[in-house]
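Each remark here refers to the structure printed beneath this line.
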Protein chains: 4
Amino acid sequence: MARKPTSDSTRRSEKSRRAIYAAALALVGEVGYARTTIEGVAARAGVGKQTIYRWWSSKADVLMEAFLDLGAQAAEQAAGQDARPGAEYAVPDTGDLAADLKSVLRATVDELLDPQFEVPARALAAEGVVNEQLGREFVTKLLEPQLQLYVQRLRSAQDAGHVRADVDPRIALELFVSPLAQRWLQRTAPITHAYADTLVDYALHGIAPR
Amino acid sequence: MARKPTSDSTRRSEKSRRAIYAAALALVGEVGYARTTIEGVAARAGVGKQTIYRWWSSKADVLMEAFLDLGAQAAEQAAGQDARPGAEYAVPDTGDLAADLKSVLRATVDELLDPQFEVPARALAAEGVVNEQLGREFVTKLLEPQLQLYVQRLRSAQDAGHVRADVDPRIALELFVSPLAQRWLQRTAPITHAYADTLVDYALHGIAPR
Amino acid sequence: MARKPTSDSTRRSEKSRRAIYAAALALVGEVGYARTTIEGVAARAGVGKQTIYRWWSSKADVLMEAFLDLGAQAAEQAAGQDARPGAEYAVPDTGDLAADLKSVLRATVDELLDPQFEVPARALAAEGVVNEQLGREFVTKLLEPQLQLYVQRLRSAQDAGHVRADVDPRIALELFVSPLAQRWLQRTAPITHAYADTLVDYALHGIAPR
Amino acid sequence: MARKPTSDSTRRSEKSRRAIYAAALALVGEVGYARTTIEGVAARAGVGKQTIYRWWSSKADVLMEAFLDLGAQAAEQAAGQDARPGAEYAVPDTGDLAADLKSVLRATVDELLDPQFEVPARALAAEGVVNEQLGREFVTKLLEPQLQLYVQRLRSAQDAGHVRADVDPRIALELFVSPLAQRWLQRTAPITHAYADTLVDYALHGIAPR
DNA sequence: TCATAAGCGAGACGGTACGTCTGGTCTTGCC
DNA sequence: GGCAAGACCAGACGTACCGTCTCGCTTATGA
């Protein structure tokens, strides 16, 4: 997404890059996405505006990379050795599918409620709704890798006979992930651990009488 | 949301109001939400800027009312007598829950893919993600009334013994509605009638072996 | 010169206009022409940039009008009744041509050495050297009207037989005016009352033996 | 004016110097002084910006040296042996002062009308009006040496009794040189051979009846 | 003869100002 | 008093250059 035709990127200032990420995330957190401006980011980062325009094509683009970087850094910290970006954690596989899914979904609830994560994530998600290019990048780089972890766990559950063989795992995971996502994105209702548990139970056994 | 303290509203120009709605929807459709400006709407509607600021507080606010008006008009056309805004249709109740849900969900798929609907809806949804006040209004006035139709149908199904009594209908409906919403909002995957059907089946019977 | 296509100028803010003139002249006096910026003028005048760009096409244009206004105001003050702009004073006509010319030329020397006049005048003159359009306006509106006063006095002297009839007054005046102008503009040598007197004497009687 | 403390100047690239002069003169001729930029000169000369900043302190400085170099080269071509910079030619001395002055003044008219000379000369003159340091250098290096040629010729005329002994030659020459200079600089009126002749005649014999 | 230091092309950097665009407010007639 | 029109103050936009600062590369001694 970045407009990097000019760069051999050798001479790029690492210090500026980090300062810009930090400033962008801080400003979005403080005044929101709409009132975050490139000028503001540049001023806060102690950087010329051109240094931003040289490497990124838009405010959304800067924030996206800042957010990806934030995730990458968090991952590095969490597992110094296991730093494959974008696939930081796997869904646990204890053999108890319901428990494993609930555990991860509860962690997701906690993350979605963490203000430090929430504001930039919301800003990116909103921009992605309206800006197809950025939306697809958001999905490809952030969302889908997370969802694939569920796909893996569900496949393993199919092998163990805990999920029907004719079920498509990529669709199945949406039964409990999407409701959470929609409640968060659109604020249709509060999200809690109990709610997460309920979603998993309903998704596994359906709502019709057995 | 509108800032109507000034107005006596008696003298308000109906012609201007309709022209503003039309201009706002047209511009959003043509150039997208971000590049739609109050100035542009005013110019296109042949209206002074102040006439917009007098009755609405923001670009999002204008678009929201324009969109609600669009829905209301569509409803009036569809059913001259049954014009209760926001609750135009009920989910059909033929006794076959799966068929009824699939039928409505398929209609929703069609609507989400209609470009005339898609662009302003997407714009409003995006703004709502980031702007809590507008988001809540969007949910209250547009989304939740639609969802309550499913709640009614699910309650009726519970009465008929087709849905377990201990199931919360408000959560249950999210199993098939939210995945569709998320695929549309975030473009994680395409939405089709077949997909809608699958969601209903999975939601009713779960993904675990019976 | 101003780019006034938009304006009916009825609604133009007189207060802003005067504030802009004052700010422009003050800034040019304080930091020089090159370091005077439109942004600076706007800020100092407490005015939006667009209000400047709406009525003037360039920094030079603003300064030119500010300078003309300054002259007009000075003239109004000097002679409340005799406020014909651009032709404020006539060269005196006492019958003694040499004395009359020396008197006016000495006054010009004083004006050229007045810092309040010098800095903006120099800035305009410099811009006019390089910018033909502005240069011509400068000459037409400021310089030539002044020079025509000398033409009138020289014609009167011709009638009185104090200047040869075959002499072109428009050229003749340059013999004493242009040397002063060049010394001032290009700083080739200092300008004094004595120098002014010498120029008049040389011009009247030539440098060749009589 | 150049900031040469760093340099040992032995290692200086002659090729770059010439390329910079050529690029500067070409650009000033093509787009004018204001729109000539150091970056543009560097790019056109195929030179790094630092190579310019290393040897010159400003745009005006570069152009001044380029212009001096242009004059020096012209002089070298005109007289391979007589290449004293800045004092290439003397005013001819045929004994007929009027004829000698007219001849040189006519040549000056031709030079001032030569576009190749005019644009950079105008740019330098304009800068000099506003920038005292450069203005003085311009006068010292270019203008005054030329004027001194007239001083010499007028002294010789005084010796021959063709100019009054009490006349200051440095002032006298301005009677015919400055009008020409002002007409050129400020475009107050056209300059022609006939005009030059008239100036000489008026200056020699005055405008008063003899 | 070869390291070594200067000049060099290139271009990223922190800045400033440009001229444009829009936001939201205010003012002026018209209806 | 609502309205169309549009001037006003404010300030962000994305661009162009400023003058400084590395970066490797070439080149020309001088140890």
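Every chain is numbered from 1, with letters handed out A, B, ... down the list of sequences.
- Taking 3.5 Å as the limit, the base of E:dC26 and the side chain of B:Q50 contain a donor-acceptor pair of atoms between them.
- Contact annotation: B:T51 reaches the phosphate of F:dA4 (side-chain N/O to OP1 or OP2, under 4.0 Å).
- Phosphate proximity of E:dG9 to D:S16: present, with a side-chain N or O under 4.0 Å from OP1 or OP2.
- Whole-Å rounding puts the C:I52 CD1 to F:dA10 P distance at 12 Å.
- With D:D61 contributing its side chain and D:S57 its backbone, the two residues share a donor-acceptor pair below 3.5 Å.
- When rounded to the nearest whole Å, the span between CG of C:D61 and P of E:dG19 equals 12 Å.
- With hydrogens and angles ignored, a donor-acceptor pair closer than 3.5 Å exists between the side chain of A:K49 and the base of F:dG14.
- Atom CD1 in B:I20 sits about 8 Å away from atom P in F:dC3, given to the nearest Å.
- For D:Y53 and E:dG7, the OH to P distance is 18 Å, given to the nearest whole Å.
- What separates CZ of A:R17 from P of E:dC13 is a distance of 11 Å, to the nearest Å.
- Regarding A:W56, its CH2 atom lies at a distance of 13 Å from the C1' atom of E:dC13, rounded to whole Å.
- Relative to the ring axis of D:W55, D:R17 does not place its NZ or CZ within 45° and under 6.0 Å from the centre.
- Rounded to an integer number of Å, the gap from A:R11 CZ to E:dG9 P is 14 Å.
- An OP1 or OP2 oxygen of F:dC8 is reached within less than 4.0 angstrom by a side-chain nitrogen or oxygen of C:W55.
- Put simply, the side chain of D:K59 gets close to the backbone of D:Y33: a donor and an acceptor are under 3.5 Å apart.
- Applying the 4.0 Å criterion to OP1 and OP2 of F:dC3, one finds that B:R54 has a side-chain N or O inside that range.
- One can place NZ of A:K59 at 9 Å from P of F:dG14, the figure rounded to the nearest angstrom.
- A donor-acceptor pair under 3.5 Å links the side-chain atoms of D:R122 to the main chain of C:V129, judged by distance alone.
- Taking 4.5 Å as the limit, every side-chain heavy atom of A:T36 sits out of range of all side-chain heavy atoms of A:L63.
- If you check residues 32-48 of chain D against DNA chain F, the residues with a heavy atom closer than 4.0 Å are D:T37, D:I38, D:E39, listed by number.
- A side-chain donor-acceptor contact under 3.5 Å links C:R187 to the backbone of D:G128.
- With hydrogens and angles disregarded, no donor-acceptor distance shorter than 3.5 Å links the side chain of C:T51 to the backbone of C:V47.
- If C:S13 and B:E14 are placed on DNA chain F by their nearest nucleotide, the residue sitting closer to the 5' end is B:E14.
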